[in-house]
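These notes concern the structure reproduced below.
Here is how names work: the chains are called A, B, and so on, in the same order as the sequence lines, proteins then strands, and each is numbered from 1. Predicted model only: the values in this text are computed from it and were never measured.
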Protein chains: 6
Amino acid sequence: MLERKEQVLLTRIFRFSASHRLFMEGLSDEENFAIFDKCANPAGHGHDYTVEVAIGGEIDDETGMLINRIDFEKQAAPVIEELNYKWIDRDIDFFQENISTVENIGKYLWQKFTEIVPGRLDSIRVWENPKSYFEYFEEKQDG
Amino acid sequence: MLERKEQVLLTRIFRFSASHRLFMEGLSDEENFAIFDKCANPAGHGHDYTVEVAIGGEIDDETGMLINRIDFEKQAAPVIEELNYKWIDRDIDFFQENISTVENIGKYLWQKFTEIVPGRLDSIRVWENPKSYFEYFEEKQDG
Amino acid sequence: MLERKEQVLLTRIFRFSASHRLFMEGLSDEENFAIFDKCANPAGHGHDYTVEVAIGGEIDDETGMLINRIDFEKQAAPVIEELNYKWIDRDIDFFQENISTVENIGKYLWQKFTEIVPGRLDSIRVWENPKSYFEYFEEKQDG
Amino acid sequence: MLERKEQVLLTRIFRFSASHRLFMEGLSDEENFAIFDKCANPAGHGHDYTVEVAIGGEIDDETGMLINRIDFEKQAAPVIEELNYKWIDRDIDFFQENISTVENIGKYLWQKFTEIVPGRLDSIRVWENPKSYFEYFEEKQDG
Amino acid sequence: MLERKEQVLLTRIFRFSASHRLFMEGLSDEENFAIFDKCANPAGHGHDYTVEVAIGGEIDDETGMLINRIDFEKQAAPVIEELNYKWIDRDIDFFQENISTVENIGKYLWQKFTEIVPGRLDSIRVWENPKSYFEYFEEKQDG
Amino acid sequence: MLERKEQVLLTRIFRFSASHRLFMEGLSDEENFAIFDKCANPAGHGHDYTVEVAIGGEIDDETGMLINRIDFEKQAAPVIEELNYKWIDRDIDFFQENISTVENIGKYLWQKFTEIVPGRLDSIRVWENPKSYFEYFEEKQDG
């Protein structure tokens, strides 16, 4: 028999502008274009990224809020600001070891935000442009 | 072994404009600002809220529809209209006892819409502004 | 005990413009209007549809990508193009046997895209207009 | 010498869903496709149109409003509703004599709205889809 | 003979959330509802306002910019912040003497921004909600 | 006496993703940051640009169209594609001599599109991000 359990999520949306290039280091430009298409352009290119951070947990009976917005915004701001107006492949260590695909940007942001709301981060969604987004989340399962 | 089960959802989107104030009654303005930030402004402030109502169930073989839109729109309209162009803390009973956070607006709408489509309401999503939304849903679990 | 399992999804968004009419063949215009409202207008009407195709699986360690975009876009293009600038009830066989509700458009696109990414299609979302969307997906369950 | 004169405009936005076909009656399908591309598909196709109606004039000192919204909405509703959920080439007389390009839809709406706010209509903008819009307005000139 | 003169404009977009009520002080609730419809609700209601500030002038040859963004953002911030999360009829002096229609909000913002970029303000556009906006500008004329 | 003259405009919207850096060559990083703020980041950063190209003229009586879309799209595509997925300061000659501000991108696109529709280009609008856009146009004047 299926039982239903109440779930609540609050999502806050952030934006940052950055440039990146998709490429693998040992490969020629031709080989990189074959894998990454125009995203492999050697001089890079850029996007206005949108990040949706979904947080779960319990609603506080007294305040009626899932999280304290003031505290959360204060902690989230430097995570986003570090990426904002950067060439992330060059300016951010993580992307020197991981190709700056939207998939890896999602994984990077999951790591950053899970430290801010440990055990309560539900999902990270990253829009690379208005036609494509990536989601990273964890599914609950019986162990 | 994992089996996959077909799921279908239809989401209808509504909008309402309202004002509210976040505060706890026993507290001073200073204390309320410390918890609710500028949302505690004593004279209130407002938003254009967007509501996404997701409905599950079975697609009717004859009509090809999950719900009859005419019936649903007729029942949904007064729920939304009751909030529209109101100071919800003052004009709606529920928010005299529950702080008018987007979380509580979501819970309120869940109660209202679950009466319209009993057993078929899948989730309520409320956008407070273009940068923040709340979701309320129930997760199916083995009992 | 609940365990959490990492999940990743990449969603690509497509658009097509089409016309359709909702009606059941044996019924009079009056009967069709009673069920389908203004969507039953005999001469049809149209929409700009938006399609969100969500794909799951594993991120390729080498490329940092869930799917190869070049390959996927090439395979997706004819599926969307076949619907684009058409009266789908007349121009597409599937909708001669299935009423062209957004629900059935979702089912049709699930069939088409599941052939492109077999076993990896997570969900299809179809926006009929900015106020209504339909989702088709499969839920994993213990068998 | 240039003097600056205060100008005020209020724009109200409406939407309608419709289908249409671009073609010229004497021509073959091939000839029509050569001129109108995929818009010439014989069975038609559709769009969600957005209409922006800009009204000028003087702000009423007493009410602080350029137009009375209640009156205007009442008069605008039937103009939009007449196009909504229609194949405009077949259901609307004007488009039996004028090809239903977005240009001609703009001209049609100019005629309709100029009767509602005579001498005060500033411009009509019609979005055919999110990538294209047409504007019709009249420029003031020394006679 | 008509000559064409190059014109350039830079528009910066701001947002604020506020509540307001449309009413005239000597009138009864019934009379106010007759003029202002649901906007006359005595407890007020709210919106997420969007403001577009268009600035003209010359592009600086050295910097390639019409205005220095750092300076402008610094001066614009307090103008917007003063309205943000307020009941503007009560919290802002101007709207105690002027009905807080979107028309008057536009006039208020014109006064504020014309002090920041004297002689270079081209227009103020205020969106009250996604379906209605007001524009205030000055038209150049031969004197 | 003022006479009104009918005006018609058709606007087509394009998008491109690119990276750029705002800086002046003789200056130190500190000096560049003082003028261009975070846009001066030496490794560059990126945006999803939106371009609105407005075209005027006469509506063709036979086709009901201001321009032939097929021809125009064919000529516009390479102009946009040349900028797409590029670091424009490095990959495009014009921006080696002109700082890649949104103002200069607008001027560049004016030059490109005025060659495609000579005498009929009405304005170019470039959105650098969802909060800022630049417009370039020519105002008709008595000579």
*May I ask you to test the B:R12-C:K131 pair for a side-chain heavy-atom distance under 4.5 Å?*
no

*Determine, for B:E73 against C:K38, whether the closest basic-nitrogen to carboxylate-oxygen distance falls under 4.0 angstrom.*
no

*Measure the shortest side-chain to side-chain distance between B:M65 and C:N104 over non-hydrogen atoms and say whether it is less than 4.5 angstrom.*
no

_Is B:E52 close to chain C through its backbone or its side chain, or both, or neither, when contacts mean heavy atoms under 4.5 Å?_
side chain

*C:L22, C:D37, C:I124: which one forms the most heavy-atom pairs within less than 4.5 Å of chain B?*
C:D37

*Measure B:L66 against the heavy atoms of chain C and call it side chain, backbone, both or neither at under 4.5 Å.*
both

_So for C:N98, is it side chain, backbone, both, or neither that comes closer than 4.5 Å to the heavy atoms of chain B?_
neither

_Chi angles and distances behind the side-chain contact (heavy atoms from CB on, under 4.5 Å) call for C:W127, B:I13_ = CA-CA 11 Å; C:W127 290 79; B:I13 299 181; 3.5 Å; yes

*asked:* Can you confirm whether B:T63 sits close enough to C:T101 that some side-chain heavy atom of one is under 4.5 Å from a side-chain heavy atom of the other?
replied: no

*Taking atom CG of B:L9 and atom OH of C:Y133, what is their separation to the nearest 0.5 Å?*
8.5 Å

*Among B:V8, B:L10, B:T11, which one satisfies side-chain contact (heavy atoms from CB on, under 4.5 Å) with C:E135?*
B:T11

_Pairwise side-chain contact, B:I59 with C:F134, heavy-atom cut-off 4.5 Å (strictly under)_ = yes

_chain C contact via B:R69 - side chain, backbone, both or neither, heavy atoms under 4.5 Å_ = side chain

